[in-house]
Amino acid sequence: MKKNSKADYYNHLKIEKKWQKFWADKKIYKTTDDTSKPKSYVLDMFPYPSGEGLHVGHPKGYIATDIYSRFKRMNGYNVLHPMGWDAFGLPAENYAIKNKVNPEIAVKKNIKYFKSQLEKIGFDYDWTHEINTTDPKYYKWTQWIFLQMFKKGLAYESWEPINWCPSCQTGLANEDVEDGKCERCDSVVVKKPMRQWVLKITDYADRLLKDLDNLNWPESIKESQRNWIGRSEGSEINFDINKKYKFVLLHGWKSTGKDCFLPWLKAELEKRGHEVVAPDMPHPFLPDVVEQARFVLDKIKFDENTILLGHSLGSVVSLRILEQLKTPIKKLILVAGLMEPKFKDKERMMAKYLMSWKFNFDKIKKNAGEVVLLEDTNDVLIPSGEADTLQAHLGGSVFKLEAEKSHFCGRVEPTVLEHCTDQIKIFTTRADTLFGATYLVLAPEHLLIKKYENQIENIKEVKKYVGLAKKKNEIERTAEDKTKTGVELKGLKAINPTNGKEIPIWVADYVLPDYGTGAIMAVPAHDLRDWQFAKKFNLPIETVIHPTDTAKTLFIIESLADGWAEEFKKVGAKIEPWEDWGVILRFPAKMIDKVASLGQKLLKEGNWYFEINGAKNLIIFKQAIFDLNKGESEKAKIYGRKVGVAEAQLDWDKNPNPELYTGKGTLIYSGIFSGISSEKAIPAITKFVRGKIAVKYKLRDWVFSRQRYWGEPIPIIHCEKCALNNPAGRGIVSVPEKDLPVVLPKVKSYAPTGTGESPLADIKSWVNVKCPVCGDKAKRETNTMPQWAGSSWYYLRYIDPHNNKELASHSKLDYWLNNGVDMYVGGTEHATRHLIYARFWHKFLFDLDVVKASEPFQQLKNQGLILGSDSRKMSKRWGNVVNPDEVVKNYGADTLRVYEMFMGPFEQSATWSTDNMIGSRRFIERIWRLASKVGKKTDQVNPELEILFNKTIKKIGEDIDNFSFNTAISALMILTNSLEKEAGISPEKWADLLRILAPFTPHLAEELWQKAGYKKSIILERWPAYDSAKLVSAKAIIAVQVNGKVRGEIEISNEMDESAVVKIAIENEIIKKWLIGQKVKKTVYVKGRLLNFVV
RNA sequence: GCCGAAGUGGCGGAAUUGGUAGACGCGCACGACUCAAAAUCGUGUAUCGCAAGAUGUGAGAGUUCGAUUCUCUCCUUCGGCACCA
């Protein structure tokens, strides 16, 4: 008390209040749009203003951005560091329901409290940029963005079953569900079919994934997003269904024999077991349709199992035939069909006069069964749109395709074949295992089950299973110890396209309806789930992949010259005779190199060898000679197959007890693909079975409707009259932009109705409106947007928060967001929701040319949690919440700031300890006391201090840039410790210290700055520069090692070269002791660090 | 199961183009100041050992003159995804 007069006492309450008022009065932190300066946009994830207020964990990120933004200001940047409120959402609404008050009121109160808490910590926010997502002036633009998405087809209505939380009484997005439970309340989510608005985020899946690579974000967040998007590349492959039909194929004008795809189609269909008749028509060069129809009817019987296919003029014949039938056929396929003489070439226009073009379409329609119309988009003979005309008379489905040759004149027309047979499309990432597909599995929701209802023998059993599966919720369906259930669709079989084998079709709930095609091929030998299923239901298991690294390698030669057998045995080969013409050598894969070099020697002695497809198979032929160096490997392979090498491989590894192997490897038992690697087989087999490479994502479209009150109304109007006028548009009319915002009305009851309608539906005066298009009676959409809507674009509004013409001015957006937000800080909990949604919206706005950069947040940092003193998450439930107001009151805002930054690495979680905080308080008080030394004369100048100052200034700058605040503060403490040892501090050094301290402890720095006689705010000062020539001291103490162990220390000066340093070292008494009697083999000198003697 | 991050004193943590492990802070011990206490200041503080010295960064191996840092195998903790074909 005697030493410290009252005025000298560090009174944090007084000082902090004083400077907070000063900053506010002088508008120190006002952001300007001065575009001559470089900009730095520093952003915090804005809080949801809950009733509980902030706890000490919340400000951790805000303190970091505050330090960072102050540092940027001092380095000449124009800084935007705003704050606002994400205030829509369930807690406010639930509070409103309970207390029967408008949530607006609670939100206002909470914001006021939050703001007062933040202001006490001394942040440099420019409050003139404050925003609130529940302000109609703000959500006007949220609605506007929604409308732009609607216009582009990215917002659509859907009736698909969605996740419904029975407790929150609202639909949820996929992202809101964790382990089948509602993320918010932990209730088990159920599937509920209902009308909802959905945003097509999947259109952006590829870009959302790719652009992650260039972001300066924590790897873990990027990885989470990659997992969430879940891209997988695979193949879509069609499996024919084995229903056998009688096909009647009718060719067109002149298109007989080889000029047409029909012979090929006939062969393909016959291969699949169908009966096919393809008659050659009479007078093909001068056709008479009536005559041809009669000809066919005389020759061929039609029944309910017949499929009639007509190509070109053959389609006209088909129509004539159908007119005359007594009973309907199965299916009519018209390929490049026509019903009027509309040929483009003159010769064929004769047809107009050759025959009658009048048809009894009622009769035809009755007899046609299922109708399929195929049109070539590049048809040179008949005009486009003919299929549509036919459809108008016959019904059925039109497919507009690109034929192999115009007018379907290719000799091979796969698309036609596809429409002839019924198929199941599957998605697989392992097309290499296709030969091992022994059954198919459909999801219970698969449409095919309904289509084949009449042909499934056990349809009752199937329907029962499907019904049960649909009732199950996500948890029941996926968890349950993963026990497999399922039912076979009896009477139906699929055909494995690789080998034509019939395989059973099952329905099982382990196949999900909304991923891939909702159907899979099951390869039990190489997939765990299929394996479990096959074991349970006793389905065949066929091994087709062998692990490459453990594979025995096969080696076939015709005969071995003398001595060679011995050579091969030496490298571990076993030799057996093969067939009646050669021998097989088997050897472990790891010996491949040695065997190969023996093979090389054989080659030189006049034998020839080749390697099949890079698999570790070595095959030598004596009689056939193929020189691989002359590019004859293909020929050699063909020869190999001819002499049965591929077959030999099939026999080689037959295992009566197949085992599960899910890895990739070398193909076996896969026909001509045997011996090649999985990687090569995937595209090759896909092509072989006419599948196509396809990409699937796990990401689902964003369910955007909430059946709750407290959210942005979706700006859509439903009009029945418009729906009648234009059925395709379904009467969905967007609210005209001039009528935005659609303001959330006041209601009597905020409680959700539970019926899937929002409480807004009850307000007749609000719901009933005039249709903006036709003026008729219409109704407003009553769903609201999810909480994530407002936060998906808020960083844009901060830039120009009061603009009532646009969401923000173009020029300001260009300046502040030319490369996105520079620094974004928040918690990891937003990895797969806010951060994906915001990227999606930003990319959409980028496509609209609203923003310049394709990504919103260039750099992202995640703050670690602050846990309660019991190491649990701070929560009212545990009673471990610490209110920053208390800490600020008792220890001061600056102490809180230093402590939170010094607790540990920024991204790591740390346990709160009020005891530990005392260190930060002491540090601040030590600096306070240091002020008394300023200007006092020092006895002698300390050159080391100069070095330390320069080093510290450099380090702090780098550390702030890297968010390494804990080490920055440590460096400040080291500097302070050394200054305490000085008798006096020069005013210049003092000013430097205060300036590097200012971002961390702004109140303290301002106070001491003012005391030192400066008038302007310290935050307007420039960051001190360091002298890079003064970073290393002239003298250094280095370690001396003997054989890598530290044995002593010596003092050297920096200019000394190695020999000088060695000289000092060997004269050192302690070192000497370790070198006596030893011979120094080598010395290693690391400049300024250490010297090592190797003895 | 797949992917990612991490494991260092009593505690929070520091140190990476491979170069003195434990900076800085908390705590603790002793001392100074005081009638006394608090505050403050000083000294010490990885482990074993009186010492010389030995050991030591989750475990084990390897590369190297030298490894917390690089390679391999394994263990533990945390996070993401998960019947996703």
Side-chain angles (χ1 to χ4, degrees), chain A residues 1 3-4 178-179 218-232 234-235 426-431 433 441 443 477-484 508-512 514-523 526-530 532-533 662 696-700 828-829 831-832 862 898-899 902-905 907-913 915-920 922-923 925-926 929 964 966-977 980 1037-1049 1073 1080-1095:
Chain A
M1 273 297 156
K3 280 181 200 160
N4 293 337
E178 277 174 9
D179 296 326
E219 204 44 51
S220 60
I221 299 278
K222 292 208 254 181
E223 205 50 38
S224 293
Q225 294 212 348
R226 288 190 191 108
N227 282 339
W228 191 261
I229 295 166
R231 179 191 151 100
S232 58
S235 319
I426 61 102
F427 176 71
T428 179
T429 54
R430 291 297 302 273
T433 63
V441 189
R477 194 157 158 176
T478 58
E480 272 191 8
D481 219 13
K482 313 222 180 252
T483 315
K484 300 282 179 293
D509 66 5
Y510 81 92
V511 175
L512 306 174
D514 51 359
Y515 184 78
T517 59
I520 61 154
M521 67 173 192
V523 186
H526 303 294
D527 182 277
L528 176 63
R529 297 147 300 172
D530 300 342
Q532 289 166 340
F533 194 78
T662 58
K696 300 284 172 197
Y697 296 93
K698 203 173 70 65
L699 184 75
R700 299 292 138 80
T828 51
E829 67 274 18
T832 50
N862 285 127
V898 169
Y899 173 58
F902 189 60
M903 284 174 93
E907 314 78 38
Q908 234 170 68
S909 20
T911 303
W912 180 265
S913 156
D915 287 344
N916 278 354
M917 196 166 53
I918 197 70
S920 304
R922 279 181 195 151
F923 165 63
E925 288 185 4
R926 293 229 294 271
R929 284 196 296 267
S964 303
N966 54 335
T967 53
I969 290 170
S970 155
L972 282 168
M973 286 172 169
I974 292 169
L975 181 61
T976 309
N977 290 349
E980 274 179 338
I1037 292 170
I1038 65 161
V1040 181
Q1041 296 180 332
V1042 178
N1043 281 349
K1045 291 202 164 125
V1046 181
R1047 295 304 183 189
E1049 287 176 338
K1073 205 173 77 188
V1080 176
K1081 274 197 272 185
K1082 190 177 159 190
T1083 58
V1084 181
Y1085 176 57
V1086 183
K1087 200 168 188 298
R1089 292 276 188 169
L1090 60 64
L1091 177 68
N1092 189 13
F1093 291 105
V1094 185
V1095 299

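Note that the structure is a prediction, hence the values are computed from the model and not measured. All chains are named by letter (A, B, ...) in the order of the sequence lines, taking the proteins before the strands, and each is independently numbered beginning at 1.
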Between rU55(B), rC26(B), rA85(B), which nucleotide has the shortest distance from any of its atoms to the side chain of T428(A)?
-> rA85(B)

Phosphate OP1/OP2 of rG53(B) contacted by K1073(A) side-chain N/O (<4.0 Å) = yes

Taking rG66(B), rC83(B), rA23(B) as options, the one with an atom nearest any side-chain atom of N1092(A) is rG66(B)

Within the pair R231(A) and rC81(B), is there a side-chain N or O less than 4.0 Å away from OP1 or OP2?
-> no

With sequence neighbours excluded, what pairs up with K696(A) under the salt bridge (Lys or Arg N to Asp or Glu O under 4.0 Å) test?
-> E236(A)

Among rA85(B), rG19(B), rG25(B), the one nearest any side-chain atom of L1090(A) is rG19(B)

Answer with yes or no whether the side chains of Y510(A) and T483(A) bring together a donor and an acceptor at under 3.5 Å.
-> no

Rounded to whole Å, CZ of R226(A) lies from C1' of rC81(B) at a distance of 14 Å

Nearest-Å distance, CG (N966(A)) to P (rG13(B))?
-> 9 Å

So which nucleotide from rU20(B), rG19(B), rC41(B) ends up closest to the side chain of V1046(A)?
-> rU20(B)

Would you kindly give the CE-to-C1' distance between M903(A) and rA14(B), to the nearest whole Å?
-> 17 Å

Using whole Å, report how far CE of M917(A) lies from P of rC24(B).
-> 22 Å

Let me know the distance between CZ of R700(A) and C1' of rC81(B), rounded to the nearest Å.
-> 13 Å

For R529(A) and rG1(B), is the shortest distance between a side-chain N/O and OP1 or OP2 below 4.0 Å?
-> no

Compare the minimum distances between each of rA15(B), rC81(B), rU40(B) and the side chain of K698(A), then state the nucleotide with the smallest one.
-> rC81(B)

For the side chain of A1039(A), counting heavy atoms from C-beta on, which of rU20(B), rA15(B), rC3(B) is nearest?
-> rU20(B)

5'-most contact on RNA chain B (nearest-nucleotide basis), N227(A) vs G518(A), goes to N227(A)

Taking only N and O in the side chain of Q225(A), is any of them less than 4.0 Å away from OP1 or OP2 of rG80(B)?
-> no

Using atom types as modelled and distance alone, determine if a side-chain donor or acceptor of N1043(A) lies under 3.5 Å from a backbone N or O of V1094(A).
-> no

Ignoring hydrogens and angles, does a donor from either the side chain of K696(A) or the base of rC84(B) sit under 3.5 Å from an acceptor on the other?
-> no

Which one, rA85(B), rG25(B), rG4(B), comes nearest to the side chain of S220(A)?
-> rG4(B)

Selection from rG13(B), rU40(B), rG19(B) that lies nearest to any side-chain heavy atom of V1084(A) | rG19(B)

Any-strand Watson-Crick or G-U partner of rC11(B), both distances under 3.5 Å = rG25(B)

Rounded to the nearest angstrom, tell me the gap between atom CD in E223(A) and atom P in rC3(B).
-> 10 Å

Salt-bridged, D527(A) to R430(A), with N to O below 4.0 Å?
-> no

Among the nucleotides rC41(B), rG25(B), rC81(B), which one has an atom lying closest to any side-chain atom of N977(A)?
-> rG25(B)

To the side chain of I918(A), which of rG27(B), rU20(B), rU55(B) is closest?
-> rG27(B)

Measure the distance from CG on L975(A) to P on rG25(B) and round it to the nearest whole Å.
-> 12 Å

Look at the side-chain N and O atoms of S224(A) and state whether any lies under 4.0 Å from the OP1 or OP2 oxygen of rC3(B).
-> no

Nearest whole angstrom, please: distance from the P of rA85(B) to the CG of L528(A).
-> 13 Å

Evaluate the side chain to side chain contact (heavy atoms under 4.5 Å, CB included) criterion for residues H526(A) and T662(A): first the C-alpha distance (whole Å), next the side-chain angles of each, then the deciding distance (0.1 Å), finally the verdict.
-> CA-CA 4 Å; H526(A) 303 294; T662(A) 58; 5.7 Å; no

Charged N to carboxylate O under 4.0 angstrom, E925(A) versus R922(A)?
-> no

